Amino acid sequence: MAMRATMSALAAAAAAPRGGLLRLLSTTSTLSSSFPFPQTTQQTPAREQAEPSTNLFVSGLSKRTTTEGLQEAFSKFGEVVQAKVVTDRTSGYSKGFGFVRYGTLEDAAEGIKGMDGQFLDGWVIFAEYARPKQPPSQPQNNMGPGYGNYTNPNHRWQ
């Protein structure tokens, strides 16, 4: 019985004027009005660009990409001073990112323009200016001052 009602609704929508069937099958018109949560179209803020430098950060590398392969690919766009694929200590495979240092800012800009979004070893890679290394912060722990240390000169161990 429900199947007949659905079929007759589809037939009526198909015979209805322009857009009837599309409106019936569209999920956005029915979901947006009956969905209990407010719909937001807020975009997440884009990451700010790093200052231009001769050092590039390259991500999206294959586990099989080597330092030599990275240097060869980027050397087509300028003089590569140094290339380094960051590898896992135990397996020796790439961690999926690396760094390329060019001789000049112009070569670095050409390297980004030429290699960003291109394939290397079957994977799409992304090249951008490297961000400066952040200084290490103090480790945070939940121990109060003096825990495990002798800090009170008036304290006597018994």
Side-chain angles (χ1 to χ4, degrees), residues 6 9-10 13-14 16-149 151:
T6 305
L10 280 174
R18 183 179 165 168
L21 182 60
L22 182 62
R23 188 175 313 139
L24 180 67
L25 298 178
S26 173
T27 57
T28 56
S29 64
T30 57
L31 282 181
S32 62
S33 61
S34 64
F35 197 65
F37 301 110
Q39 302 262 334
T40 59
T41 58
Q42 184 179 11
Q43 296 283 332
T44 57
R47 232 172 102 171
E48 45 192 74
Q49 295 292 321
E51 289 287 322
S53 70
T54 57
N55 198 21
L56 304 183
F57 173 73
V58 183
S59 60
L61 297 176
S62 164
K63 292 208 178 293
R64 302 286 182 194
T65 301
T66 62
T67 297
E68 293 78 22
L70 185 67
Q71 182 168 358
E72 182 182 325
F74 276 84
S75 65
K76 298 172 188 168
F77 303 100
E79 179 193 350
V80 175
V81 175
Q82 181 184 15
K84 174 73 175 153
V85 172
V86 178
T87 57
D88 184 62
R89 277 189 241 171
T90 55
S91 69
Y93 289 122
S94 165
K95 283 190 171 185
F97 66 94
F99 296 93
V100 175
R101 183 179 300 274
Y102 278 101
T104 64
L105 285 173
E106 293 79 20
D107 289 346
E110 287 297 316
I112 290 175
K113 191 165 53 169
M115 290 301 291
D116 188 38
Q118 299 300 314
F119 282 91
L120 180 64
D121 295 332
W123 288 51
V124 177
I125 64 167
F126 302 97
E128 61 181 298
Y129 293 113
R131 301 181 190 289
K133 196 174 197 178
Q134 297 294 326
S137 63
Q138 290 288 351
Q140 300 293 323
N141 58 25
N142 294 329
M143 298 187 302
Y147 180 79
N149 296 333
T151 57

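Computed from a prediction, not measured in an experiment: that's the story for all the values here.
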Report summary line: In short, Tyr93 meets Lys63 closest at the heavy-atom pair CD2-O, 3.6 Å
Report summary line: Separation between OG1 (Thr54) and CD (Glu106), nearest 0.5 Å, reads 11.0 Å
Query raised in the report: Within the distance-only criterion (no hydrogens, no angle test), does the side chain of Thr67 pair as donor or acceptor with the backbone N or O of Val85 below 3.5 angstrom?
Result: yes
Query raised in the report: With no hydrogens and no angle check, is any side-chain donor or acceptor of Asp88 less than 3.5 Å from a backbone partner on Lys95?
Result: no
Report task. Determine, step by step, whether Tyr129 and Phe57 satisfy the ring pair (Phe, Tyr, Trp, His ring centres under 6.0 Å) criterion, reporting the C-alpha distance in whole Å, the side-chain angles of both residues, the deciding distance to 0.1 Å, and the verdict. Result -> CA-CA 6 Å; Tyr129 293 113; Phe57 173 73; over 10 Å; no
Report task. Could you check Ile112, Asp107, Ile125 and say which one makes a side-chain contact (heavy atoms from CB on, under 4.5 Å) with Phe74? Result -> Ile125
Report summary line: On a heavy-atom basis, the closest approach of Ser94 and Phe97 is OG-N, 4.1 Å
Query raised in the report: Hey, what do you get for OG (Ser62) to CG (Leu70), rounding to the nearest 0.5 Å?
Result: 11.5 Å
Requested in this report: Give every residue pair that meets the ring pair (Phe, Tyr, Trp, His ring centres under 6.0 Å) criterion with at least one member in residues 100-125, sequence neighbours excluded.
Outcome: none
Query - Non-hydrogen atoms of Ser53 and Ala130 that approach each other most closely - result: OG-O, 4.2 Å
Report task. Given side-chain contact (heavy atoms from CB on, under 4.5 Å), test Leu120 with Leu61 step by step and report yes or no. Result -> CA-CA 7 Å; Leu120 180 64; Leu61 297 176; 4.0 Å; yes
